[in-house]
Amino acid sequence: MKQFIICIVIFLSYSSTQAQFLTALQNGGNKKAMVGEHIGITEVEINYDRPGVKGREGKIWGSLVPYGFNALGFGTSKASPWRAGANENTTIEFSGDVKIEGKDLPAGKYAFFIAVGKDESTIIFSKTNSAWGSFFYDSTKDALRVSVKNKPLEKEVEWLKYEFTDETTNSAVVALEWEYLSIPFKIEVDVNKGQIESFRRELISQRGFDWKAWEYAAEWCADNNTNLDEALQWADYSINGTFVGEKNFKTLSVKSRLLQLMGKPAEADSVMKEAMPLGSISDVHNYARQLLTNKRTKEACAAFRANYKKFPNQFTTNVGMARCLSAEGNYKEALKYANIALPQAPDMINKNNMQTIIEKLKAGKDIN
């Protein structure tokens with residue numbers, strides 16, 4: 001009997017100990033939440049617990065959440081900011097380097113605190129991100145502090161939340177909103193820098209085992225006229241890389257574009273001469289149109305005529321000849337090719353475009 005009682009006591013003690021590991025609602029009914037966005041290709045993720053107003057309107061700011069830095073009566077900190085939520089640290093994680101209100105913050109995961117003021121608040125990013133609340137806050141672990149202006153809200157927010165607003169390609173405003181107060185801060189990223197750093201990581205991974213990845217990275221740099229020296233190396237690897245490289249119209253034409261951007265037109269033209277025989281009817285047509293856009297009429301017409309010789313009397317090459325002759329001012333000859341192309345149009349969109357081209361040529365107007 002004595003052994004039986006001991007076993008029951010041990011079992012109850014074990015059960016009580018294990019119960020804390022079961023999933024249940026947080027104390028006080030606070031809600032756990034996560035919100036995230038991509039700014040450029042930089043991922044921003046915020047994890048937090050959401051307290052509710054629960055009828056305490058007018059008693060949140062300066063009371064439940066005291067202003068400034070305070071001794072909380074527990075832990076080692078004598079000057080703690082607010083945990084910017086409930087329970088564990090609110091955390092914010094950036095997959096790449098960012099600027100907060102114009103100040104640099106490296107990629108990483110940070111605890112997020114706020115020293116709330118009546119009109120202005122101090123937001124804090126701490127390197128210590130695994131604590132419970134701010135009871136053990138240590139200012140020497142701050143990665144960044146920034147002052148921001150508070151903003152009033154017209155409509156009450158019952159449950160504390162973080163919102164992404166005012167989003168652009170390279171920035172967003174994140175705002176903590178609760179009761180009738182918003183505390184916003186701006187995040188900015190260097191999109192080009194982040195993209196190039198991502199390319200560098202991925203090209204040496206399994207994704208780099210294909211010429212398309214190297215060509216894509218090089219073409220992106222050409223499209224954005226940035227990082228040209230390294231992009232030229234990527235273009236060369238897309239052509240000549242061991243077990244990876246492939247000499248085709250795409251890889252060669254991207255290399256040619258980079259050389260043009262780098263002020264090396266003779267080298268660029270030489271590479272394109274090698275690329276032209278490898279191009280499809282659409283490849284050469286689109287390249288010739290690009291030359292027209294760049295006011296290189298002579299080179300464009302040479303490409304259009306070579307395409308027509310290789311693929312005679314097809315819709316694409318007839319349109320190409322019409323564009324070439326129009327660019328040279330020979331509207332009468334251009335009209336002949338346009339009229340031939342009209343019944344060859346593959347769909348109504350192209351047919352309507354050809355009708356517009358024909359009307360312009362009849363009026364003696366350039367179609368390019």
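In this text the structure is predicted, and so the values were computed from the model without any measurement. Numbers here are sequence positions counted from 1.
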Sole residue of Leu176, Val35, Thr91, Ile92 in side-chain contact (heavy atoms from CB on, under 4.5 Å) with Tyr48 =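 Filter result, single survivor: Val35.
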
Spacing of Glu158 atom CD and Glu177 atom CD [to the nearest 0.5 Å] |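 One gets 14.0 Å once the value is rounded to the nearest 0.5 Å.
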
Which distance, rounded to the nearest 0.5 Å, do you find between the CD of Gln290 and the CD of Gln260?
->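 CD of Gln260 is found 9.5 Å from CD of Gln290.
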
Hey, any chance Ile124 and Tyr110 share a hydrophobic cluster, counting ILVMFWY side chains that come within less than 4.5 Å of each other, even indirectly?
-> no

Within 45° of the axis and under 6.0 Å from the centre of the six-membered ring of Trp159, does NZ or CZ of Lys31 qualify?
-> yes

Which residues, ordered by chain and number, are linked to Leu325 in its hydrophobic cluster, where ILVMFWY side chains connect at heavy-atom gaps below 4.5 Å, directly or through other members?
->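 Listed partners: Tyr308, Met321, Tyr337.
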
Tracing side-chain links under 4.5 Å among I, L, V, M, F, W and Y, which residues wind up in one group with Ile357?
->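 Its cluster mates, by chain and number, are Phe315, Val319, Tyr331, Leu335, Leu342, Met354, Ile358, Leu361, Ile367.
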
Assess whether salt bridge (charged side-chain N to carboxylate O under 4.0 Å, His left out) is satisfied between Glu163 and Lys161, documenting all intermediate values.
-> CA-CA 7 Å; Glu163 289 281 348; Lys161 64 179 179 178; 3.2 Å; yes

Verify the neighbour count for atom [atom1] of [X]: are there more than 12 heavy atoms of other residues, nucleotides or ligands below 6.0 Å?
{"X": "Arg289", "atom1": "CZ", "result": "no"}
{"X": "Arg200", "atom1": "CZ", "result": "yes"}
{"X": "Lys351", "atom1": "NZ", "result": "yes"}

Do we see a donor-acceptor contact under 3.5 Å between the side chains of [X] and [Y]?
{"X": "Asn150", "Y": "Ser121", "result": "yes"}
{"X": "Ser253", "Y": "Ser256", "result": "no"}
{"X": "Asp138", "Y": "Thr140", "result": "yes"}
{"X": "Gln344", "Y": "Asn318", "result": "yes"}

Begin with the C-alpha distance, continue with both residues' side-chain angles, and end with the deciding distance and a verdict on salt bridge (charged side-chain N to carboxylate O under 4.0 Å, His left out) for Glu219 and Lys250.
-> CA-CA 9 Å; Glu219 184 175 34; Lys250 189 68 172 173; 3.0 Å; yes

Okay, side chain of Asn350, backbone of Pro346: is any donor-acceptor separation there less than 3.5 Å?
-> no

May I ask you to say whether Asp236 pairs ionically with Lys255, meaning some side-chain N is under 4.0 Å from a carboxylate O?
-> yes

Ion pair check, Arg323 and Glu328, cut-off under 4.0 Å =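 Looking at Arg323 and Glu328, the cut-off is not met.
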
Does the ring center of Trp82 lie less than 6.0 Å from the ring center of Phe113?
->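 Not close enough - the centres of the two rings lie 6.0 Å or further apart.
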
For Asp347, salt bridge (charged side-chain N to carboxylate O under 4.0 Å, His left out) partners two or more places apart |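 For Asp347 there are no salt bridge (charged side-chain N to carboxylate O under 4.0 Å, His left out) partners, ignoring immediate neighbours.
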
Candidate pair Ser326 and Asp366, rule side chain to side chain donor-acceptor pair (under 3.5 Å), full reasoning | CA-CA 5 Å; Ser326 176; Asp366 186 15; 2.5 Å; yes

Identify all side-chain donor-acceptor contacts of residues 61-70 below 3.5 Å with residues at least two apart in sequence or on another chain.
from, atom 1, to, atom 2, distance (Å)
Trp61, NE1, Glu179, OE1, 3.4
Asn70, ND2, Tyr67, O, 3.1
Asn70, ND2, Gly68, O, 3.4

Show me, pair by pair, the donor-acceptor contacts under 3.5 angstrom made by side chains of residues 186-197, not counting sequence neighbours?
from, atom 1, to, atom 2, distance (Å)
Asp190, OD1, Asn192, N, 3.3
Asp190, OD1, Lys193, N, 3.0

Check: residues 239-247 side-chain donor-acceptor pairs under 3.5 Å, at least two apart:
from, atom 1, to, atom 2, distance (Å)
Glu246, OE1, Trp211, NE1, 3.2
Glu246, OE2, Asn248, ND2, 3.1
Lys247, NZ, Glu274, OE2, 2.9

For Tyr180 and Glu154, which heavy atoms make the closest approach, and how far apart are they?
->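 Residues Tyr180 and Glu154, closest heavy atoms: CE2-O, 3.8 Å.
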
Please assess Asp269 against Arg296 for the test salt bridge (charged side-chain N to carboxylate O under 4.0 Å, His left out), listing each intermediate value before the final yes or no.
-> CA-CA 12 Å; Asp269 290 344; Arg296 299 179 64 188; 3.0 Å; yes

